[in-house]
**Q** 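Take a look at this one; I'll ask things after.
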Amino acid sequence: MRSYTLLACAKINLYLEIVGDRADGYHELAMIMQSVDLCDRIHIEPSGTDSIRVTCNHPDVPCDSSNLAYRAAELMRSEFPEAFARYGGVNIYITKKIPVAAGLAGGSSNAAAVVVGINLLWNLGLTQGECEQLGAVLGSDVPFCIRGGTALATGRGEKLSPLPDLDQLYVVLAKYESVKISTAWAYQTYRATYEETYIRDPEHIEAYGQKVHSGPIVRAIASKDSAIITEELRNDFEKIVLPEYPQLVSLKQRFIEAGAIGTLMSGSGSTVFALTESHSEAERIKAYIEQELHHPDLKLWVAQFSPTGIKVSE
Ligand SMILES: C[C@@](CO)(OP(=O)(O)O)[C@H](O)COP(=O)(O)OP(=O)(O)OC[C@H]1O[C@@H](n2ccc(N)nc2=O)[C@H](O)[C@@H]1O
Ligand SMILES: Nc1ncnc2c1ncn2[C@@H]1O[C@H](COP(=O)(O)OP(=O)(O)O)[C@@H](O)[C@H]1O
């Protein structure tokens with residue numbers, strides 16, 4: 001039987017506005033999500049048994065049923081029992097390149113790759129939309145990781161509207177290995193600090209009217225206007241994370257000093273990214289930061305915006 005190798009792209013948030021409280025305990029969001037070509041490699045093969053097995057090269061990633069890739073395979077097993085009975089279990093090999101707990105959706109991208117990979121392995125014939133719906137059960141960011149490219153994400157992050165691909169931008173990603181921020185902590189802390197500004201029980205993002213401020217960046221993306229995109233970068237989590245981690249503030253300052261056209265923390269952190277208009281400029285800024293900060297704990301990567309979230313090869 002066939003096996004598949006998939007590249008699962010990281011995402012960055014060019015815009016993240018926390019707009020309200022939801023009845024289900026999640027937060028209502030307006031986000032611009034962007035895939036970048038820093039990718040984990042996921043290999044999926046039939047196990048020849050009825051079990052799911054996950055192997056990963058990263059010491060901080062669990063290989064048991066708490067691994068999001070494992071949970072994705074479990075979901076497929078329970079949703080498609082006949083296919084499971086016919087094709088059996090799977091072995092999943094994960095080679096991590098995306099830093100862990102970094103605000104780059106590493107786990108979500110791995111789960112996305114497993115949904116897409118098992119769809120192929122078991123000949124399920126699911127459409128991308130159907131894969132995205134299954135992904136939403138696994139986590140708010142998983143549908144975007146399946147769709148990829150550039151998208152406006154609303155609801156709890158799972159409702160996607162496509163935006164034109166921003167293929168002209170490059171990114172330098174920087175992460176202090178010791179600064180690990182849990183997404184649940186970030187949302188809880190934000191709620192505790194800003195709850196009084198929340199909109200209660202919002203039904204639809206449109207209903208927020210004036211309260212949502214993503215219009216200018218959406219229009220700038222449509223017209224591919226990098227100057228306005230960089231002016232409109234926003235991440236509400238910066239308000240609670242940056243005061244706790246002054247090294248991230250310095251990192252942002254250094255990026256601007258180095259000539260980045262914009263800089264922002266991604267998601268709930270702790271990755272900070274800088275945008276540039278060329279690959280050579282991104283490499284130059286990476287080298288500058290490595291030399292200036294020269295911190296063994298600080299890791300940097302250069303990546304390009306990607307029009308896809310998952311790339312498949314047999
Ligand atoms: C913050 C973001 C921005 O893209 O990314 P990361 O920083 O994790 O990469 C996402 O909203 C993370 O999405 P994801 O990691 O899929 O979240 P989930 O598994 O659904 O939920 C993790 C935790 O975040 C909270 N959560 C998540 C999404 C949301 N709209 N409201 C929330 O309050 C949940 O209550 C839960 O405690
Ligand atoms: N396949 C996976 N890859 C990475 N982390 C995973 C995976 N499965 C579960 N996790 C756990 O999820 C947590 C969040 O990791 P990750 O998805 O990389 O971060 P973020 O939510 O900030 O984008 C980690 O602490 C890790 O232990």
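Heads up: numbering here begins at 1 and tracks the sequence.
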**Q** With sequence neighbours excluded, what pairs up with Glu158 under the salt bridge (Lys or Arg N to Asp or Glu O under 4.0 Å) test?
**A**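 Glu158: no salt bridge (Lys or Arg N to Asp or Glu O under 4.0 Å) contacts found.
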**Q** Apply the test side chain to side chain contact (heavy atoms under 4.5 Å, CB included) to residues Thr276 and Leu169: give CA-CA distance (whole Å), side-chain angles for both, the deciding distance (0.1 Å), then the verdict.
**A** CA-CA 6 Å; Thr276 71; Leu169 291 181; over 6 Å; no
**Q** Would Ile229 end up clustered with Ile32 when hydrophobic side chains under 4.5 Å apart are linked, directly or stepwise?
**A**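 As far as the 4.5 Å side-chain criterion goes, Ile32 and Ile229 are connected within one cluster.
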**Q** Report yes or no: is the cationic atom of Lys11 (NZ for Lys, CZ for Arg) under 6.0 Å from the centre of the six-membered ring of Phe144, at an angle within 45° of the ring normal?
**A**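 Not flagged: Lys11 not positioned over aromatic ring of Phe144.
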**Q** With side chains defined as the heavy atoms from C-beta onward, is the minimum distance between Ile289 and Ile285 less than 4.5 Å?
**A**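 Yes, side chains in contact.
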**Q** Mind running side chain to side chain contact (heavy atoms under 4.5 Å, CB included) on Met76 and Leu126 for me, showing each step along the way?
**A** CA-CA 11 Å; Met76 298 304 273; Leu126 301 173; 4.1 Å; yes
**Q** Ser223: which residues meet the side-chain hydrogen bond (donor to acceptor under 3.5 Å, both in side chains) condition with it, sequence neighbours left out?
**A**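 For Ser223 there are no side-chain hydrogen bond (donor to acceptor under 3.5 Å, both in side chains) partners, ignoring immediate neighbours.
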**Q** Can you confirm whether Ser47 sits close enough to Ile52 that some side-chain heavy atom of one is under 4.5 Å from a side-chain heavy atom of the other?
**A**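 A side-chain contact under 4.5 Å is absent here.
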**Q** Hydrophobic cluster membership, with links at side-chain heavy-atom distances under 4.5 Å among I/L/V/M/F/W/Y: are Val36 and Val302 in one?
**A**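 In one cluster with Val36: Val302, no.
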**Q** Do Asn110 and Leu68 come close enough that some side-chain heavy atom pair is under 4.5 Å?
**A**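 Not in contact.
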**Q** Taking it one step at a time, do Tyr190 and Asp236 satisfy side chain to side chain contact (heavy atoms under 4.5 Å, CB included)?
**A** CA-CA 8 Å; Tyr190 193 89; Asp236 284 350; 3.6 Å; yes
**Q** For Ala186 and Ser268, work out which heavy atoms get closest and say how close.
**A**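 Closest pair (atom of Ala186, atom of Ser268, distance): CB-CB, 3.6 Å.
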**Q** Indicate the atoms forming the closest heavy-atom contact of Gly309 with Ser35, along with that distance.
**A**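 In terms of heavy atoms, the two residues are closest at CA-OG, 4.0 Å.
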**Q** Would you please name every residue forming a side-chain contact (heavy atoms from CB on, under 4.5 Å) with Pro162, sequence neighbours left out?
**A**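 Testing Pro162 for side-chain contact (heavy atoms from CB on, under 4.5 Å), a comparison that skips the adjacent residues, returns Arg147.
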**Q** Please determine whether a side-chain nitrogen of the Lys or Arg among Asp40 and Lys97 lies less than 4.0 Å from a carboxylate oxygen of the Asp or Glu.
**A**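 Looking at Asp40 and Lys97, the cut-off is not met.
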**Q** About how many Å separate SG of Cys39 and CG of Leu6, when rounded to the nearest 0.5 Å?
**A**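 Nearest 0.5 Å value for the CG-SG distance: 11.0 Å.
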**Q** Is the closest side-chain donor-acceptor distance between Tyr93 and Asn57 under 3.5 Å?
**A**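 The criterion, which ignores hydrogens and geometry beyond distance, is not satisfied for Asn57 and Tyr93.
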**Q** Considering residues at least two apart in sequence or located in another chain, which fulfil the ring-ring contact (aromatic ring centres under 6.0 Å, His included) criterion with Tyr26?
**A**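 Partners of Tyr26 by the ring-ring contact (aromatic ring centres under 6.0 Å, His included) criterion come out as none, since no residue qualifies.
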**Q** Can you name the salt bridge (Lys or Arg N to Asp or Glu O under 4.0 Å) partners of Lys180, sequence neighbours left out?
**A**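 Checked Lys180 against salt bridge (Lys or Arg N to Asp or Glu O under 4.0 Å); matches are Asp60.
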**Q** Shortest non-hydrogen contact from Ala8 to Ile98?
**A**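 The answer is O-CD1, 3.5 Å.
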**Q** Would Tyr70 and Asp64 count as a side chain to side chain contact (heavy atoms under 4.5 Å, CB included) if you check the C-alpha gap in whole Å, the side-chain angles of each, and the deciding distance to 0.1 Å?
**A** CA-CA 7 Å; Tyr70 188 107; Asp64 59 12; over 6 Å; no
**Q** Less than 4.5 Å apart, side chain to side chain, heavy atoms only: is that true for Leu16 and Leu264?
**A**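 When only atoms from C-beta onward are counted, Leu264 and Leu16 do not touch, as no gap falls below 4.5 Å.
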**Q** Applying side-chain contact (heavy atoms from CB on, under 4.5 Å), can you list everything that pairs with Val137, at least two apart in sequence or on another chain?
**A**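 Val137 satisfies side-chain contact (heavy atoms from CB on, under 4.5 Å) with Leu75 only.
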**Q** Under the salt bridge (charged side-chain N to carboxylate O under 4.0 Å, His left out) rule, what do Glu17 and Arg234 come out as? Steps first, then yes or no, please.
**A** CA-CA 7 Å; Glu17 181 173 0; Arg234 167 174 172 169; 3.7 Å; yes
**Q** Does a salt bridge link Arg86 with Glu82, judged by any charged N lying under 4.0 Å from a carboxylate O?
**A**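 Answer for the salt bridge query: no.
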**Q** Identify the heavy atoms of Ile310 and Cys145 that sit nearest to each other, and give their distance.
**A**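 In terms of heavy atoms, the two residues are closest at CG1-O, 3.6 Å.
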**Q** Would you give the length of the straight line joining atom CZ of Arg53 to atom CD1 of Ile92, rounded to the nearest 0.5 angstrom?
**A**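 So the gap between those two atoms works out to 11.0 Å.
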**Q** How would you list, by chain and number, every residue that makes a side-chain contact (heavy atoms from CB on, under 4.5 Å) with Ala184, sequence neighbours excluded?
**A**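 Ala184 satisfies side-chain contact (heavy atoms from CB on, under 4.5 Å) with Ser182, Gln188 only.
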**Q** Which residues end up grouped with Val100 if you chain together Ile, Leu, Val, Met, Phe, Trp and Tyr wherever their side-chain heavy atoms are less than 4.5 Å apart?
**A**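 In the cluster with Val100 are Val61.
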**Q** If we only count heavy atoms from C-beta on, is the Val114 to Ile42 side-chain gap below 4.5 Å?
**A**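 In contact.
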**Q** If a pair satisfies ring-ring contact (aromatic ring centres under 6.0 Å, His included) and one of its residues is in residues 233-273, list it, with sequence neighbours excluded.
**A**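 Applying ring-ring contact (aromatic ring centres under 6.0 Å, His included) to every pair that reaches into residues 233-273, excluding sequence neighbours, yields Tyr187-Phe237.
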**Q** Please identify each residue that fulfils salt bridge (Lys or Arg N to Asp or Glu O under 4.0 Å) with Glu257, with sequence neighbours left out.
**A**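 For Glu257, the residues satisfying salt bridge (Lys or Arg N to Asp or Glu O under 4.0 Å) (neighbours in sequence not counted) are Arg254.
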**Q** Out of curiosity, Leu233 CG to Ile228 CD1, how far, rounded to the nearest 0.5 Å?
**A**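 Leu233 atom CG to Ile228 atom CD1 measures 12.0 Å (nearest 0.5 Å).
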**Q** Counting distance only, does the side-chain N/O of Lys224 pair as donor-acceptor with the main-chain N or O of Asp165 below 3.5 Å?
**A**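 Such a contact is found between Lys224 side chain and Asp165 backbone.
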**Q** Restricting to side-chain contact (heavy atoms from CB on, under 4.5 Å), what partner residues turn up for Arg219, sequence neighbours left out?
**A**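 Per chain and number, Arg219 pairs via side-chain contact (heavy atoms from CB on, under 4.5 Å) with Pro216.
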**Q** If you compare all heavy atoms of Leu248 against all heavy atoms of Val241, which two are closest, and at what distance to 0.1 Å?
**A**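 So the two residues come closest at CD1-CG1, 4.0 Å.
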**Q** Over all heavy atoms of both residues, which pair between Pro164 and Ala222 is shortest? Give the atoms and the distance, please.
**A**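 Scanning both residues, the minimum pair turns out to be CG-CA, 3.9 Å.
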**Q** Do Met31 and Tyr15 have side-chain heavy atoms sitting under 4.5 Å apart?
**A**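 SC-SC contact between Met31 and Tyr15 ruled out.
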**Q** Are Glu45 and Arg2 ion-paired here, with the side-chain N under 4.0 Å from a carboxylate O?
**A**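 Here Glu45 does not pair with Arg2 in a salt bridge, since their nearest N and O are not under 4.0 Å apart.
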**Q** State, yes or no, whether a side-chain contact exists between Leu29 and Ile18 at a heavy-atom distance under 4.5 Å.
**A**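 Result yes, sub-4.5 Å side-chain heavy-atom pair found.
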**Q** Under 4.0 Å between a Lys/Arg side-chain N and an Asp/Glu carboxylate O for Glu281 and Arg284?
**A**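 Looking at Arg284 together with Glu281, the answer is yes, because their closest N to O distance falls below 4.0 Å.
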**Q** Out of curiosity, does Ile240 fall in the hydrophobic cluster containing Val179 (side-chain heavy atoms, cut-off under 4.5 Å, transitive links)?
**A**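 Same hydrophobic cluster.
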**Q** Can you find a heavy atom in the side chain of Val171 that is under 4.5 Å from one in the side chain of Gln304?
**A**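 The answer is no; the side chains never approach within 4.5 Å.
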**Q** Can you check whether Gly89's main-chain N or O pairs, donor with acceptor, with Asp50's side chain at less than 3.5 Å?
**A**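 No; zero donor-acceptor contacts below 3.5 Å.
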**Q** Which value, rounded to the nearest 0.5 Å, describes the distance between Leu298 atom CG and Ser178 atom OG?
**A**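 Between atom CG of Leu298 and atom OG of Ser178 there are 9.5 Å.
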**Q** For the atom pair OG (Ser3) and CG (Leu120), what is the distance rounded to the nearest 0.5 Å?
**A**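 Ser3 atom OG to Leu120 atom CG measures 11.5 Å (nearest 0.5 Å).
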**Q** Between Arg77 (side chain only) and Gly88 (backbone N and O only), is there a donor and an acceptor less than 3.5 Å apart?
**A**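 Judged by distance alone, no pair lies under 3.5 Å.
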**Q** Does one hydrophobic cluster hold both Met33 and Leu7, with members joined at side-chain heavy-atom distances below 4.5 Å?
**A**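 Hydrophobic grouping puts Met33 apart from Leu7.
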**Q** Which pairs count as ring-ring contact (aromatic ring centres under 6.0 Å, His included) when at least one residue sits in residues 155-176, sequence neighbours excluded?
**A**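 Of all non-adjacent pairs touching residues 155-176, those that pass ring-ring contact (aromatic ring centres under 6.0 Å, His included) are Tyr170-His279, Tyr176-His295.
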**Q** With rounding to the nearest 0.5 angstrom, report the CD1 to OG distance, Ile261 to Ser226.
**A**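 Going from CD1 on Ile261 over to OG on Ser226, the span is 5.0 Å.
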**Q** Does the separation of the ring centres of Phe84 and Phe80 fall below 6.0 angstrom?
**A**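 So the answer is no for these two rings.
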**Q** Is Val19 linked to Val218 within one hydrophobic cluster, defined over Ile, Leu, Val, Met, Phe, Trp and Tyr using a side-chain heavy-atom separation of less than 4.5 Å?
**A**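 Unlinked, Val19 and Val218 end up in two clusters.
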